[in-house]
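Read the numbers this way: they start at 1 and go in the same order the structure lists the ligands and their atoms. Starting from 1, each residue takes its place in the sequence as its number.
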Amino acid sequence: MKIKKIEHIGIAVKDLKKTIEFYESVLGLKCYKIEEVKDQKVKTAFLKVGETKIELLETTDNDGPIGKFIEKKGEGLHHIAYSVEGLNSSLNEISNQQIKLIDEKPKQGADNLDIAFIHPKSANGVLIELCEERK
Ligand code: ZN
């Protein structure tokens, strides 16, 4: 598997609008996109930090993955996303090593990415997202 860079860091938040305000006025970053991913029951906002991005995630449904995460752990760091060369082959490589994947196959993520998650139980408690730009 070949990882190119940290694509983004995902942060679970309760109030997307207020959080964007914080990132823009306090940190001086600029939100360039707000996008809802219906499938994931989440509204996302993206801010660029050099080569990397911050992805803010607000749930649109308390039963969605971000809703459940916030209920259990509160707001905070949710996942780290690495961009890989060849998402499908990377996933095959990983499952061949008996590592637990949440997604055996890529699914559609926000900001024009195909994504798949590695289970945090197989990754020292960190939710790892692998992603590749959708062609
Ligand atoms: Zn992400």
Pairing of Lys41 and Asp63 as salt bridge, 4.0 angstrom limit: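 The answer is no: the pair does not qualify as a salt bridge.
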Please determine if Glu7 and Lys4 form a salt bridge, counting it only when a charged side-chain N lies under 4.0 Å from a carboxylate O.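 Looking at Glu7 and Lys4, the cut-off is not met.
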Is there a side-chain contact between Lys53 and Asp111, using heavy atoms and a 4.5 Å cut-off?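 The answer is yes; the side chains approach within 4.5 Å.
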Got Tyr82 and Ile128 here, is their nearest side-chain heavy-atom distance under 4.5 Å?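 Result yes, sub-4.5 Å side-chain heavy-atom pair found.
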Which protein N, O or S atoms lie under 2.8 Å from the Zn ion (ligand 1), given by chain and residue number?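 Sorted hits: His8 NE2, Glu55 OE1, His79 NE2, Glu129 OE1.
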Side chains of Glu55 and His79, donor plus acceptor under 3.5 Å: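 His79 and Glu55 do have a side-chain donor-acceptor pair below 3.5 Å.
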Donor-acceptor pairs under 3.5 angstrom involving side-chain atoms of residues 18-28: please list them, not counting sequence neighbours.
{"residue": "Thr19", "atom": "OG1", "partner": "Asp15", "partner atom": "O", "Å": "2.6"}
{"residue": "Glu24", "atom": "OE2", "partner": "Cys31", "partner atom": "N", "Å": "2.8"}
{"residue": "Ser25", "atom": "OG", "partner": "Glu21", "partner atom": "O", "Å": "2.8"}

